[in-house]
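Counting starts at 1 for both ligands and their atoms, in listed order.
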Amino acid sequence: MKKQIRNNVYWIGKVDWELKMFHGQDFSVSHGSSQNSYLVKEGKNVLIDTVWGPNGKEFIENLEKEIDLKSIDYIVANHGEADHSGTLPMLMERIPNVPIYCTAQAVKSLTGQYHHPEWNFVPVKTGDVLDIGNGKKLIFISMTMLHWPDSMATYMTGDNILFSMDAFGQHYACEELFNDKADKCVLMYEAQKYFANILGPYQTFVKKKIPELKGLNLPIDIIAPSHGIIWRDDPMQIVDLYEKWSDSYKEDQITVVYDSMWNGTKTIAHLLADEIREIDSGVKVKVMSISGDDKNDIMTEIFKSKAIAVGSPTIVNDIMSSVSGWLHFLKELKFTGKKAAVFGCYGWSGEGNRILKETLTALNYEVIEAEIKSNWNPEEITVKDQIKAVAEGLIS
Ligand code: FEO
């Protein structure tokens, strides 16, 4: 069922309450999600994006209740990823000649995925304009790497709507669609989790793109992303947040993450958190288990932190495989401007701390010299000085 966004612009997507994981099993979805498609019925009828293939049959049935498919004049594919383009093959079987407006890169990604080079692609770039009648126009804006090289946004004049694709989105299901109807805490958490885990690797692109977007001086009344809620109450708040988040973002927070074999390294994690609180009651401290907590939630906390401490016991002359895998994910996210410290227990050889330090240094963390290294299980009295030194190093 369509929902009105403004005047002749309608939402026609899928609110997916059941979705638990996204990007295969790589991103946890805690509050549902949506794939937002938009139908514009002006002098010309335009469909902006579709939904993921498994939801395609339902999508087309819903779309047909709102419009004769043959009267769709243009399709805009803001991005080639399957969650937005997955229904194109089904749709193009029905309306094979309708032009698809997308970037040149999206021609490649759509052809690569669906193998239909005969589709009527119309490659566009920033500033290209499509007249849709009734005095309204669509203006295309390249959004390279927000989220793929093929991404773009589409701005609609007259109604002043920016269809921003993945940018400014969240995995958050909300039938009422708009940010003023959403649970603000959940919305802002999900927006930040999305940014940290999905756009984190492309922060340098975001940092360049936001001033460019603002510099276009387009009046923006509504930002309609392709996932989650639509920003109509103070829509530029999310653009301002992206500007902040893409600039080595940090809050007054220290996050301690660890994995542990027999709870020795876990004990250090909690002693360290206590010491940080003792020295500075103002700083927010969080302790998270690499194997016990959701990895995307952990990364959201790391993203917010000014400093982190990473712990692993030594096992077979190395760190735990869970911690290695977690560090690989941390590397992908390319966070910058954060301090780090390491800690861990060992029984025999004790290489864990050195490996953690080398890895975090290679990831551009400012690794402090102080560390906590405990032979066998830590006793508070024996690790006290090391814990104090690390806590002070992270706070300062
Ligand atoms: Fe929501 Fe990059 O796709």
Side-chain angles (χ1 to χ4, degrees), residues 11-38 47-56 59 75-89 91 100-114 140-154 162-174 177 187 190-206 209-210 213 223-231 238 242 245-246 296 299-300 329 332-334:
W11 175 95
I12 184 86
K14 167 75 180 174
V15 177
D16 197 341
W17 292 96
E18 277 79 36
L19 194 71
K20 298 296 171 213
M21 298 301 287
F22 181 76
H23 276 170
Q25 297 296 309
D26 213 36
F27 185 99
S28 61
V29 175
S30 312
H31 299 96
S33 187
S34 68
Q35 295 128 47
N36 300 337
S37 166
Y38 300 97
L47 181 69
I48 300 181
D49 298 308
T50 66
V51 299
W52 188 34
N55 300 321
F59 173 76
I75 293 170
V76 172
N78 277 323
H79 178 25
E81 195 164 7
D83 46 337
H84 311 293
S85 67
T87 300
L88 272 181
L91 190 61
I100 301 173
Y101 288 74
C102 62
T103 63
Q105 294 284 46
V107 176
K108 288 186 201 166
S109 65
L110 292 169
T111 306
Q113 291 174 95
Y114 307 118
F140 303 108
I141 304 162
S142 164
M143 297 285 271
T144 304
M145 303 318 294
L146 281 81
H147 155 234
W148 274 6
D150 64 11
S151 299
M152 70 173 187
T154 298
L162 181 72
F163 300 98
S164 60
M165 185 33 64
D166 285 332
F168 315 126
Q170 344 78 44
H171 286 301
Y172 176 33
C174 179
L177 290 186
L187 167 60
E190 291 298 341
Q192 196 170 49
K193 178 179 171 184
Y194 188 97
F195 185 93
N197 286 273
I198 292 182
L199 295 177
Y202 314 117
Q203 286 180 59
T204 50
F205 292 89
V206 179
K209 182 52 67 177
I210 298 299
L213 190 61
I223 294 179
S226 295
H227 297 290
I229 64 85
I230 294 164
W231 305 87
I238 190 66
Y242 267 44
W245 291 345
S246 61
N296 304 107
M299 288 311 182
T300 310
F329 186 31
E332 289 176 1
L333 297 184
K334 296 191 175 79

Q: Should the ring pair Phe205 and Tyr202 be called parallel, tilted or perpendicular, given that the plane angle runs from 0 to 90° and is split at 30 and 60?
A: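 Taking Tyr202 first and then Phe205, their aromatic rings stand perpendicular (interplane angle over 60°).
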
Q: Restricting to N, O or S, what is the name of the atom of Glu81 that lies nearest atom 2 (Fe) of ligand 1?
A: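 This residue's closest N, O or S atom turns out to be OE1.
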
Q: Out of the N/O/S atoms in His84, what is the name of the one closest to atom 1 (Fe) of ligand 1?
A: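 Of the nitrogen, oxygen and sulfur atoms in His84, atom 1 (Fe) of ligand 1 lies nearest to NE2.
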
Q: Report the name of the N/O/S atom of Asp83 located nearest to atom 1 (Fe) of ligand 1.
A: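 Of all N, O or S atoms in Asp83, atom 1 (Fe) of ligand 1 lies closest to OD2.
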
Q: Is the ring pair His31/Tyr172 parallel, tilted or perpendicular, if the boundaries are 30 and 60 degrees?
A: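 Geometry flag for Tyr172 against His31: perpendicular rings.
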
Q: Among Trp11, Phe168, Tyr38, exactly one meets ring-ring contact (aromatic ring centres under 6.0 Å, His included) together with Phe163. Which residue is that?
A: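 Result for ring-ring contact (aromatic ring centres under 6.0 Å, His included) with Phe163: Tyr38.
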
Q: Taking all non-hydrogen atoms of both residues into account, name the closest pair between His171 and Ile198 and its distance.
A: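 Looking at all heavy atoms of both residues, the closest pair is NE2-CD1, 4.0 Å.
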
Q: Distance check below 2.8 Å: does His79 bring an N, O or S atom to atom 2 (Fe) of ligand 1?
A: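 So His79 does bind atom 2 (Fe) of ligand 1 by this criterion.
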
Q: Between atom 2 (Fe) of ligand 1 and His147, which N, O or S atom of the residue is the nearest one?
A: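 The closest N, O or S atom of His147 to atom 2 (Fe) of ligand 1 is ND1.
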
Q: Does Lys193 make a cation-pi contact with Phe27 (under 6.0 Å, within 45 degrees of the axis)?
A: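 That pair qualifies as a cation-pi contact.
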
Q: Quick one, Thr204 and Lys334 - any side-chain contact, counting heavy atoms below 4.5 Å?
A: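 No, every pair of side-chain atoms sits at 4.5 Å or beyond.
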
Q: Verify the distance test for His227 against atom 1 (Fe) of ligand 1: any N/O/S atom under 2.8 Å, yes or no.
A: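 Checking atom 1 (Fe) of ligand 1 against His227, an N, O or S atom does fall under 2.8 Å.
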
Q: Among the N, O or S atoms that Asp166 has, which is closest to atom 1 (Fe) of ligand 1?
A: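 So the atom name we want here is OD1.
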
